[in-house]
Amino acid sequence: MNTAMNFKKTTWLLVALTALLCVSGCTDSFIGKISAYGGSANIKCYSAEKLIYEGDSTGKVASSSQSDGYYFVDKVDNKLKEVSGNCVIVYNNY
């Protein structure tokens, strides 16, 4: 019985230590990216200095590893939009 209690304490300690190391190794930008998941954003895309698109998403703005663009559902017309170029994405709540 004492061995089982020691095993549980040791396991709990290892789990807590691992979690602490994972959290302390995260940058604030990584934590911000995780906490912004599902949140709406304002998207502005430029061609040179000219603004070519501005809109708000209903939720998370996503990107594909095979593309240089982004996709999201537009808040105004509730349609899926895809944009590429020099885009600035500002999350509203995170």
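Nothing fancy with the numbering, it's 1 onward along the sequence. Heavy-atom basis, side chains included; hydrogens, waters and symmetry copies ignored. Model, not experiment: these values are computed from the prediction.
The residues Asp74 and Lys79 are annotated as not salt-bridged, no charged nitrogen and carboxylate oxygen being separated by less than 4.0 angstrom.
In terms of heavy atoms, Ala41 sits closest to Val61 at CB-CG2, 3.9 Å. The minimum heavy-atom distance linking Thr58 with Lys75 is given by the pair CG2-CA, 3.6 Å.
Put simply, the side chain of Ser57 never gets that close to the backbone of Val73: no donor and acceptor are under 3.5 Å apart.
A search for side chain to side chain donor-acceptor pair (under 3.5 Å) contacts involving Gln66 returns Ser64, not counting sequence neighbours. Applying the side chain to side chain donor-acceptor pair (under 3.5 Å) test to Ser47 and every residue at least two apart in sequence or in another chain returns nothing. Legend: residues meeting side chain to side chain donor-acceptor pair (under 3.5 Å) with Asn78, ordered by chain and number and at least two apart, are absent.
The local environment of NZ in Lys81 is crowded, with over 12 non-hydrogen atoms from other residues, nucleotides or ligands closer than 6.0 Å.
Asn42 is listed as a side-chain neighbour of Glu54, based on a closest heavy-atom distance under 4.5 Å. Between Glu82 and Phe72, the closest side-chain pair of non-hydrogen atoms is not below 4.5 Å. Using a 4.5 Å cut-off on side-chain heavy atoms (C-beta onward), Ile43 and Val88 make no contact. With a 4.5 Å cut-off on side-chain heavy atoms, Cys87 and Tyr70 count as touching.
Residue Leu51 is not grouped with residue Ile89 when hydrophobic side chains (ILVMFWY) are merged at heavy-atom distances under 4.5 angstrom, including chains of intermediate members.
Expressed to the nearest 0.5 Å, how far NZ of Lys50 lies from CG of Asn86 amounts to 14.5 Å. Here Tyr71 contributes atom OH and Ser63 contributes atom OG; the two are 7.5 Å apart, rounded to the nearest 0.5 Å.
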